[in-house]
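Below you'll find the structure, written out as structure tokens, and then a few comments.
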Amino acid sequence: MDIKKFIRPTICSLKAYEAKEIPCKVKLDANESPYGFPEGLNALKSIKTNRYPDPEAKALKRLISRDFGVKPQNILQGNGSDELIYYLITTFGGPVLYPVPTFSMYGIIAQAIGEKKIGIPLNKEFDLDLKRILEAIKRQKPKVIFLSSPNNPTGNCFSSAKILKIIESTLSLSVVVVDEAYQPFSSRKGFLPLLKDYKNLVIMRTLSKIGLAGLRVGFLIADEEIINEVNKVRLPFNLNSLSQTVATELLKNRKAMQSCIKLIISEREKLLSGLEKINGIKPYPSEANFILFRVKDTDTVYKRLLKKSVLVRNMKGVVDGCLRVTVGTPEENRIFLNTLKEILSISKS
Ligand code: PMP
């Protein structure tokens, strides 16, 4: 029996998201926080494992509502923001437009659902090519537009004026999702203040980059009508009790969370200047918790780093000639920089 005959062609030609567990001592490949939140686990004792989780995640939404100055009705919880990307495309359909390179799940999920994808290359500065995007909007009328700002994997924020222009020119046409997964590390203003003015704007956030990647907690903030529609496709108990409880604890501990973020930002700047000092490396400035850098012979450098048990992300096929390193603890960053220097000095001699 040829199983492929029964599988939708869009799935047959789809490449699965690559997320392999590669054993290493210094793990700097997945844009996670180097700091966990073990204190949050103390609250798990009160969980009733025989009961379904709160389908509305009320306690969590109350804290998000306090922190972001929005009503609980403007929030929708997801099992990571990945799940919310699924829900958004399921709700609004395609075409789905996004710049490239960007977070790969927008394209993977669009294709999985069978929707058309429109990828518009970024310009040389890794900013949005506004002219081409506006042309594509006019011609192809996308239903959902994803803009990750700060962008993964380039690390920069897109020009706010360009994002605004896209939101304004799609008012009665598309939903514009500003994916602010890395906003906690950015010096630039996010798009939250604009929600009240633009009904087609959706802000997407995650707790994955600030210590809870293992628990899968993401959320949308948008107009109540959008939230109600997307909520129709949400699985009833999508956010489990453990994740809801620990996420709520994390948000209660705002001070500890903020100090981890501050430390990551200051380490990012040290990592950047460390990379700038290495001959043969061109790092790109970053507003996120990772740095993209150009290096000759990326495959060899990647493999040699891994041989020394330092894992980064090889961006081959996404931004050719580049590796991406996540900001780790001061010790991890020091090991990474020293190992990289050592590797490059060997390959020169
Ligand atoms: N958006 C962007 C831009 C990301 O880089 C990532 C994670 N790599 C996500 C969303 C997904 O985050 P989550 O863990 O919440 O699914």
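Start at 1 and go down the list; that is how both ligands and their atoms are numbered.
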How far is atom 16 (O) of ligand 1 from its nearest protein heavy atom, and which residue and atom name does that atom have?
R216 NH2, 2.8 Å
Of the options N31, N333, N289, which is the one that meets T326 in a side chain to side chain donor-acceptor pair (under 3.5 Å)?
N31
Heavy-atom contacts under 4.0 Å between E83 and ligand 1: side chain, backbone, both, or neither?
neither
Would you please say whether a donor-acceptor pair under 3.5 Å links the side chains of N151 and S149?
no
Is there a heavy atom in S148 that sits closer than 4.0 Å to ligand 1?
yes
Looking only at protein heavy atoms, which one is nearest to atom 7 (C) of ligand 1, and what is the separation?
K209 NZ, 2.9 Å
Where is the nearest protein heavy atom to atom 12 (O) of ligand 1: which residue, which atom, and how far?
S81 OG, 3.1 Å
Taking the basic N atoms (NZ, or NE/NH1/NH2) and the acidic carboxylate oxygens, is any pair closer than 4.0 Å for D129 and K162?
no
Checking side-chain polar atoms at under 3.5 Å, does N238 have a donor or acceptor matched by the opposite partner on E83?
yes
Evaluate Y106 for polar contact with ligand 1, using N/O atom pairs at a separation under 3.5 Å.
no
In this structure, atom 6 (C) of ligand 1 is nearest to the protein heavy atom F103 CZ, 3.4 Å
Min N/O separation T206 to ligand 1 under 3.5 Å
yes
Counting both backbone and side chain atoms, is some N or O of D179 under 3.5 Å from an N or O of ligand 1?
yes
